[in-house]
2 protein chains.
Amino acid sequence: MPATSSDLVQLAWANLVRTGSTAFQRVEEDLKRLGHPPLSWYDVLWELERAPEGALQQSEVQARILIAQYNFTRLLDRLEKADLIRRVPCKIDGRSNVLHITDTGRALRRGMWPDYDAAIFEHVGRHLQEGEAETLAGLLGKLLPDRGKLPLKTRQSSRGAGT
Amino acid sequence: MPATSSDLVQLAWANLVRTGSTAFQRVEEDLKRLGHPPLSWYDVLWELERAPEGALQQSEVQARILIAQYNFTRLLDRLEKADLIRRVPCKIDGRSNVLHITDTGRALRRGMWPDYDAAIFEHVGRHLQEGEAETLAGLLGKLLPDRGKLPLKTRQSSRGAGT
DNA sequence: GTGTTATAGATGCAATTGCATGTAATTGTC
DNA sequence: GACAATTACATGCAATTGCATCTATAACAC
């Protein structure tokens with residue numbers, strides 16, 4: 001059972017990695033040029049902002065944005081220092097924190113979105129018809145089998161996308 | 001001209017970034033577990049190995065693997081220290097180097113490929129039919145308009161994929 | 001209850017990356 | 001040819017990441 005891939009699969013692999021990282025960089029570069037922070041900041045803020053009270057368990061957010069645990073801790077350090085979120089010790093579970101988005105945080109995210117949206121259009125939407133976008137999203141979705149609903153002891157890092 | 005994206009495009013964007021980085025990490029993680037170096041090493045070695053004499057201009061390789069110039073210099077430092085490549089000052093153009101792959105380098109790349117291939121199958125090929133792989137590769141290809149054939153003053157970084 | 005194991009989060013340190021800038025050689029201009 | 005602009009590559013330093021490990025609390029087994 002060699003488990004070898006066809007040329008087409010290899011091409012899909014190569015295009016996936018190249019396109020994914022290139023599109024990400026181009027979008028982030030556009031935002032940076034406009035004075036915005038990295039997309040990882042946006043992702044965290046967005047998860048919090050759309051949560052019921054603008055608050056979530058730290059581990060909840062971490063699981064959603066796919067980042068290494070030790071990097072997440074430090075990302076939160078920066079966000080907290082910039083007064084975008086607050087970490088509050090959880091009263092139910094003494095090990096965990098509850099993250100709250102601040103007004104400053106909400107304002108920052110709101111301010112980023114129009115430029116983020118425009119960048120997505122420029123580097124992705126512009127090149128695809130609606131049907132193509134749907135097909136692409138569907139095929140990409142097949143590649144993420146969620147790895148068993150993640151017991152997420154995540155010791156690896158990643159990049160998440162926000163909407 | 002708001003340049004806003006539809007929900008489908010936003011979903012495609014989110015899936016693209018998530019899937020791309022996740023697949024990349026999973027593949028690289030598999031290789032690491034098997035004792036192999038990062039994929040960026042593979043990419044450089046592969047570019048050299050498939051070149052006529054196992055040699056190319058440094059800038060040629062850099063342009064193909066999409067990496068920031070200053071990171072590329074350092075990547076080569078590591079490859080050279082590991083005796084996988086050699087940097088030879090170019091006689092035609094005094095500013096540039098010619099990169100040569102060593103026998104050790106060839107052997108390393110050859111040794112990586114079966115495991116790399118298997119990882120691509122595990123994390124990509126396995127989830128797609130041939131036709132789907134073709135469609136996916138095609139759609140992804142539409143997103144990389146090559147940005148004007150790159151005069152490549154590349155001061156940004158990226159991840160390249162090798163085959 | 002006590003001891004073991006698992007979970008949430010943090011951190012010291014080395015390696016890598018980003019950013020700004022430097023050096024040397026080449027090309028274009030007049 | 002002299003000189004400004006460009007190109008190829010390198011590097012100092014700060015910020016970020018990866019890795020191993022630590023602390024503290026909670027969950028489980030008996």
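For clarity, every value in this text was computed on a predicted model and none was experimentally measured. Below, chains carry the letters A, B, ... as their sequence lines are ordered, and counting in each starts from 1.
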Nearest whole angstrom, please: distance from the C1' of C:dA10 to the CZ of A:R74.
8 Å
Tell me the interatomic distance from B:Q25, atom CD, to D:dC19, atom P, rounded to whole angstroms.
11 Å
Among the candidates D:dG18, C:dG18, C:dG9, find the nucleotide nearest to the side-chain atoms of B:K32.
D:dG18
Over how many whole Å does the gap from B:D77 atom CG to D:dA8 atom P extend?
18 Å
Is any NZ, NE, NH1 or NH2 atom of the basic residue among A:D30 and A:R33 found under 4.0 Å from an Asp or Glu carboxylate oxygen of the other?
yes
To the nearest angstrom, how far is B:D93 atom CG from D:dT6 atom P?
17 Å
Under 3.5 Å, is there a donor-acceptor pair between the A:T102 and A:D83 side chains?
no
Check if the side chain of A:Q69 and the base of C:dA10 share a donor-acceptor pair of N or O atoms closer than 3.5 Å.
yes
Please tell me whether B:Q58 and B:S96 have a donor and an acceptor in their side chains that are separated by less than 3.5 angstrom.
no
Are any of B:N97's side-chain N or O atoms less than 4.0 Å away from OP1 or OP2 of D:dA10?
yes
Round to a whole Å and report the spacing from NZ of A:K81 to C1' of D:dA15.
11 Å
For B:Q58 and D:dA10, is the shortest distance between a side-chain N/O and OP1 or OP2 below 4.0 Å?
yes
Does B:R78 place a side-chain N or O at less than 4.0 Å from the phosphate oxygens OP1/OP2 of C:dT17?
yes
For B:R87, is there an ion pair with B:D77 - N to carboxylate O distance below 4.0 angstrom?
yes
Interatomic distance, B:F72 CZ vs D:dT7 P [rounded to whole Å]:
18 Å
To the nearest angstrom, the CZ-P distance between B:R95 and D:dT6 comes to 13 Å
Separation of atom CD1 in B:I92 from atom P in C:dA25, rounded to whole Å
16 Å
Under 4.0 Å from OP1 or OP2 of D:dA8: is there any side-chain N or O of B:S96 that close?
no
Between B:W13 and A:Y116, do the side chains contain a donor N or O and an acceptor N or O under 3.5 Å apart?
yes
